[in-house]
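Down below is the structure, laid out as structure tokens.
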Protein chains: 2
Amino acid sequence: MSENLKLSNQVCFPIYSLAKEVVGLYRPILQQLDLTYPQYLVMLILWEEGTQNVSEIGTKLHLDSGTLTPLLKRLEQKKLIERNRSAQDERIVQIELTADGQKMKTAATQVPEQILNSLNVTVEQLEALKTGIDNILNQIRK
Amino acid sequence: MSENLKLSNQVCFPIYSLAKEVVGLYRPILQQLDLTYPQYLVMLILWEEGTQNVSEIGTKLHLDSGTLTPLLKRLEQKKLIERNRSAQDERIVQIELTADGQKMKTAATQVPEQILNSLNVTVEQLEALKTGIDNILNQIRK
DNA sequence: TTTAATTATGTTGTGTACAATACAATAGCA
DNA sequence: TGCTATTGTATTGTACACAACATAATTAAA
């Protein structure tokens with residue numbers, strides 16, 4: 001196999017591995033909030049942008065309803081969100097923070113700092129990595 | 001929130017997203033071999049390095065037995081591998097390619113090329129990304 | 001040599017992740 | 001208005017992914 005062909009394995013596997021490591025870094029930190037990483041991503045969107053449709057959340061996180069529906073039901077069970085059908089269009093389910101969910105935002109402000117610490121790399125390294133990843137994501141998604 | 005703190009979200013989420021996109025790129029290509037991406041990774045190891053313990057595969061892929069045992073049983077059902085306990089140490093399960101599994105190696109040589117094409121970026125971009133990812137992986141794992 | 005610790009794998013439970021499908025509600029159009 | 005296509009969500013089935021625990025075999029130590 002030529003060197004170029006090997007390269008795809010040598011890049012794709014580290015991408016796959018790094019994502020698992022990153023989720024693993026979040027795990028003990030988010031455990032204090034009783035959240036998983038995908039659940040945290042949903043909460044971030046609600047904290048930043050307020051009430052959202054299921055499909056809006058799905059578009060932003062690139063997750064489909066088969067993933068989101070059970071995930072959102074778990075957040076609902078924890079009393080962090082409410083799921084209500086829109087009166088105007090009954091197909092739409094609005095996802096809204098509860099008071100508990102809103103309150104969690106304060107505790108969650110500590111998460112990024114803890115992650116940055118455990119990543120243990122320079123801001124310059126992170127920014128370079130972000131640029132490289134965004135380039136490839138744009139190529140793949142366009 | 002300071003810009004630096006936002007950075008962790010702005011890097012970690014793209015890492016998480018990119019990994020899903022990459023696995024998604026492999027999906028239609030590997031479908032022709034009736035393999036998933038993690039199954040393909042196991043087959044790659046067996047093609048390159050021959051018979052392995054479960055734990056050796058787990059170490060190389062950073063996967064635990066709760067993931068590997070059912071995955072390996074699925075590969076066994078497809079007659080691509082055999083699982084045999086070692087006579088010397090009966091705790092050890094040796095994972096060995098069948099003739100069918102060995103034969104698949106030829107068809108699979110086309111996979112890296114197809115992935116490189118669909119990634120649609122330059123080799124330089126890929127190598128830069130690989131360097132960035134490997135740096136962070138080393139930091140996290142050390 | 002009996003016991004204790006370690007090792008290797010398996011099992012169970014929870015939680016993504018996505019394809020395929022279903023279905024109800026809305027929108028667009030003839 | 002009625003019909004059709006589209007939209008938004010839910011359901012089902014398959015497959016990871018990992019924590020926690022269980023179990024059996026081996027090794028090490030007293």
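These values consider heavy atoms only, across backbone and side chains, with no hydrogens, waters or symmetry-generated copies. Order of the sequence lines sets the chain letters (A, B, ...), proteins ahead of strands, with each chain counted from 1.
- Look at R91(A) and you won't find any side-chain N or O under 4.0 angstrom from OP1 or OP2 of dA27(C).
- Scanning all heavy atoms of the two residues, the minimum distance from D34(A) to K78(A) falls at O-NZ, 2.7 Å.
- Taking 4.0 Å as the cut-off between side-chain N and carboxylate O, R85(A) and E90(A) do not count as a salt-bridged pair.
- If you measure from atom OH of Y16(B) to atom P of dT16(C), you get 9 Å, rounded to the nearest angstrom.
- DNA chain D is contacted by both I92(A) and Q88(B); I92(A) maps to the nucleotide lying nearer its 5′ end (nearest heavy atom per residue).
- Distance, L63(A) CG to dT16(C) C1': 9 Å, rounded to whole Å.
- With E21(A) as the fixed residue, the side chain to side chain donor-acceptor pair (under 3.5 Å) test singles out one of R141(B), H62(B), Q139(B): R141(B).
- Between the side chain of T36(B) and the backbone N or O of Q39(B), at least one donor-acceptor pair lies under 3.5 Å.
- A donor-acceptor pair is defined here as one N or O able to donate and one able to accept, closer than 3.5 Å; such a pair exists between the side chain of W47(A) and the backbone of G101(A).
- A donor-acceptor pair is defined here as one N or O able to donate and one able to accept, closer than 3.5 Å; no such pair exists between the side chain of S8(A) and the backbone of I115(B).
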Q: Just do the side-chain contact (heavy atoms from CB on, under 4.5 Å) check on V93(B) and N84(B) with the steps written out, would you?
A: CA-CA 5 Å; V93(B) 174; N84(B) 299 302; over 6 Å; no
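- Atom NZ of K20(B) is separated from atom P of dA19(C) by 11 Å (rounded to the nearest Å).
- Atom OH of Y37(A) is separated from atom P of dT16(C) by 13 Å (rounded to the nearest Å).
- E76(A) contributes no side-chain N or O that, together with a main-chain N or O of K73(A), makes up a donor-acceptor pair within less than 3.5 Å.
- Taking 4.0 Å as the cut-off between side-chain N and carboxylate O, K60(B) and E49(B) count as a salt-bridged pair.
- The residue T36(A) sits close only to the backbone: its heavy atoms come under 4.0 Å of sugar-phosphate atoms, none of a base.
- In this structure, CG of L68(B) is placed 14 Å from C1' of dT11(C), rounded to the nearest angstrom.
- In this structure, H62(A) atom NE2 and dC18(C) atom P are separated by 10 Å, rounded to whole Å.
- Q39(A) has a side-chain polar atom (N or O) that falls below the 4.0 Å cut-off from OP1 or OP2 of dT16(C).
- Position along DNA chain C of the nearest nucleotide to D89(A) versus L71(A) favours L71(A) as the more 5'-ward residue.
- The backbone N or O of S55(A) sits nowhere less than 3.5 Å from a side-chain atom of N53(A) that would complete a donor-acceptor pair.
- When the local axes at the two ends of the helix from dT1(C)-dA30(D) to dA30(C)-dT1(D) are compared, using 5 base pairs at each end, they differ in direction by 10° after rounding to 10°.
- Rounded to a whole Å, the CG atom of N53(B) is 11 Å from the C1' atom of dT7(C).
- Put simply, chain A comes within 4.0 Å of DNA chain D, heavy atom to any atom, from dT7(D) to dA19(D), going 5' to 3'.
- Heavy-atom nearest nucleotides on DNA chain C were determined for R74(A) and for R27(B), and the one closer to the 5' end corresponds to R74(A).
- For the pair Y26(A) OH and dT16(C) P, the computed distance is 15 Å after rounding to whole Å.
- Between K73(B) and the phosphate of dT11(C), there is a side-chain N or O to OP1/OP2 separation shorter than 4.0 Å.
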Filtered N/O pairs between nucleotides 20-22 of chain C and protein, under 3.5 Å:
none

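- Under the 4.5 Å side-chain contact rule for hydrophobic residues, L30(A) and V23(A) share a cluster.
- Remark: R85(B) is not in phosphate contact with dT9(C), judged by side-chain N or O atoms under 4.0 Å from OP1 or OP2.
- The minimum heavy-atom distance linking P14(A) with N9(A) is given by the pair CD-O, 3.7 Å.
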